[in-house]
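The shown structure was predicted, so the numbers you read here are calculated from the model rather than taken from an experiment. Note: hydrogens, waters and symmetry copies are ignored here, and every other heavy atom, side chains too, is used. Throughout, protein chains are lettered first and strands after them, A, B, ... in sequence-line order, and every chain is numbered starting at 1.
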Amino acid sequence: MDSKRRPIHGGISRNPNSTSKPAMAFHFLRALSHIRLTTRRGSSLARRTLRIRRAAYASMACSAGTRRAWSRALLRKLRSPAPRRGASVLPRRAARTTSSPDTDLRQALALRRLVPGGAAMEHCELLEETADYIRCLNAQVWLMQAVVHGLGDLSN
Amino acid sequence: MDMSENNKFGMEKSNGDGMPPEWQFSNPAMSLVPANTCIAAGLATPLTSSPYLPAPMVDALAAGHWNHNLRGECNILSTTTAISSTPIGKPITMSSRGMILSTAPGIFPTSLPHFPADSAFIERAARFSCFGGGNFSGMNLFAPSQSMAPSHRDGMGVQDLKTEFHMTENKVGLLNGSPVKNEIDKRISHIVIANSESHDANLTEDGQEGNTDSTDAAGNSSPSDLAVNKRRKIIQDVATDQADRGLKETTKENAESKQKVEQNTSRNTGKNGKDSTEAAKEGYVHVRARRGQATNSHSLAERVRREKISERMKYLQELVPGCSKVTGKAVMLDEIINYVQSLQRQVEFLSMKLAAVNPQLDFSIEGLLAKNILHGGSSSAIVLSQEMIYPQAYPPHQGLMHTGISAMANSSDTFRRAMNTQLPTSEYKESSLQMHNPWNDQLLNHMTYGANPPANAQ
């Protein structure tokens with residue numbers, strides 16, 4: 001579904017646009033407004049929390065676009081209603097390339113679980129995707145904090 | 001990292017004469033730089049300012065004495081000198097990928113009997129050395145070598161010529177990708193890989209057609225290659241005396257299928273350790289075995305992979321706060337995992353907070369936030385702020401909604417502009433534009449509630 005545009009060069013792709021905050025903000029705020037509009041009287045906090053969290057991840061993935069494997073995986077996960085089965089199954093390829101002692105393997109597994117789509121990545125790719133994911137997470141957290149802060153200011 | 005290595009070789013000072021600066025900087029494996037300078041110095045341009053290529057060396061090269069003042073790092077120099085000097089040992093020196101010192105001329109009496117292209121080679125090298133940032137597209141330096149190659153099936157020397165050329169013309173390739181060069185690149189890179197990976201591997205000689213992917217480099221060899229390999233073995237023994245293997249290659253710009261990291265060994269033996277520089281170019285990366293390391297193709301690939309991983313780990317170290325002093329992969333990974341987990345928990349927490357605050361808010365908030373977040377980049381943001389001044393207290397919901405909605409309209413415009421400027425990808429633009437339609441519909445619907453339209457329309 002997504003064009004798998006991979007950076008061809010050997011190094012890390014340090015795209016300056018990799019975390020585009022305005023786009024992320026737009027996505028997120030729009031989703032927030034939508035949630036606010038469609039929130040029903042009796043909807044619980046938990047449900048709203050889930051929706052907002054989903055909106056946050058969606059805005060993250062949208063801002064990253066289809067350039068990144070993790071954003072593609074995240075978009076896939078968000079768009080497909082059914083929960084993915086066997087998401088933690090490591091492909092043979094990834095398992096073979098993690099030729100490291102036990103603790104490293106454990107950490108690699110933990111990282112794979114954390115990063116969306118991490119199960120199907122090689123170790124090298126996993127590290128790169130983790131870096132980008134961390135950048136986007138930072139941006140998203142900053143955005144949400146700004147929203148909360150702004151909301152807090154206005155309601156005071 | 002690259003610059004330090006450049007400094008080490010003093011090249012940035014020395015390449016004043018017509019050497020395009022890119023040669024020093026664009027190539028992370030700056031090994032090519034000395035090679036290029038060597039060739040240039042040897043053949044055409046005296047790099048008198050270079051500490052490693054003094055004028056006497058140039059003269060010596062010109063004179064064809066290849067047995068003297070060979071700087072360690074500039075094995076190409078030796079090769080070129082060898083080439084320029086018609087006597088015996090020359091082909092062998094070339095074949096050694098520049099590792100051959102001139103110290104063992106006696107070994108080479110069994111060298112290639114024929115090397116008719118010497119003068120042609122010298123000519124080409126001379127021509128080739130006149131880089132000076134010039135345009136090489138018109139220069140078909142390698143045509144003669146191409147024609148030459150098939151005629152010398154024995155052609156270890158040829159291939160090494162091509163190796164040399166490859167190094168220099170890789171630089172050229174960085175400047176302008178000429179199609180001729182691409183061909184050569186394919187040929188030479190394959191040869192180089194062959195050389196680097198296994199000394200006893202047979203050098204596939206038909207550089208003519210692009211034997212691009214012979215990273216294994218061990219296969220197809222004609223009988224003549226065995227002799228070549230034998231000679232190369234002898235040369236290898238000689239070359240191990242040498243401190244450094246100065247032969248370096250840059251990566252070609254044109255993508256090749258295989259990738260290996262290009263190694264760069266320093267001149268002094270002391271720096272045998274971590275001199276590898278990873279070529280950040282796309283495409284073909286040449287790996288050269290470090291001194292004292294296995295030259296197996298597997299181990300080389302493994303080393304490439306390890307270096308990639310270490311580079312990414314370093315980058316992650318920068319990202320994760322407080323990890324600059326942490327050493328070791330395991331600890332680093334732990335930190336990374338903790339950080340990602342903490343970020344995800346933060347997102348969760350903030351979303352809960354937003355959900356809690358959510359019901360009491362209205363659109364004005366988003367407008368304000370949009371302005372804040374966009375740093376007021378455009379004029380519409382200023383309009384936004386003016387509108388935000390209106391609701392000092394909390395006026396009726398609808399009035400606020402007005403300003404909020406108009407603010408949101410502004411913000412959406414601003415967003416769209418910001419997005420369009422920042423995200424040139426077409427698909428994203430489409431999606432962003434599409435998103436505006438339902439947004440605007442909603443806004444219009446809400447606008448009808450209000451009594452008065454906003455004072456300053458944008």
Spatial distance of atom [atom1] ([X]) from atom [atom2] ([Y]) [nearest 0.5 Å]:
X: A:Leu45; Y: B:Met352; atom1: CG; atom2: CE; value: 7.0 Å
X: B:Leu343; Y: A:Arg135; atom1: CG; atom2: CZ; value: 13.0 Å
X: A:Arg113; Y: B:Ile337; atom1: CZ; atom2: CD1; value: 9.0 Å
X: B:Gln344; Y: A:Gln140; atom1: CD; atom2: CD; value: 12.0 Å

Checklist entry - Is a donor on one side and an acceptor on the other found under 3.5 Å between the side chain of A:Gln107 and the backbone of B:Ala330? => result yes
Checklist entry - Of all of A:Leu50, A:Thr130, A:Asn138, which one pairs up most often with chain B through heavy atoms under 4.5 Å apart? => result A:Asn138
How far apart are the closest heavy atoms of [X] and [Y], and which atoms are they?
X: A:Leu111; Y: B:Leu333; answer: CD2-CD2, 4.0 Å
X: A:Ile134; Y: B:Leu316; answer: CD1-CD2, 4.0 Å
X: A:Met144; Y: B:Ser351; answer: CE-N, 3.4 Å
X: A:Leu127; Y: B:Arg312; answer: CB-CB, 3.8 Å
X: A:Ala131; Y: B:Leu319; answer: O-CD1, 3.1 Å

Checklist entry - Of A:Ile52, A:Val141, A:Leu143, which meets side chain to side chain contact (heavy atoms under 4.5 Å, CB included) against B:Leu350? => result A:Val141
Next on the checklist: For a 4.5 angstrom cut-off between non-hydrogen side-chain atoms, does B:Arg305 reach A:His123?
Outcome noted: yes
Next on the checklist: Just so I know, are the side chains of B:Gln346 and A:Gln145 near enough to count as touching, which here means a heavy-atom distance under 4.5 Å?
Outcome noted: yes
Checklist entry - chain A heavy atoms under 4.5 Å from B:Tyr339: which part of the residue, side chain, backbone, both or neither? => result side chain
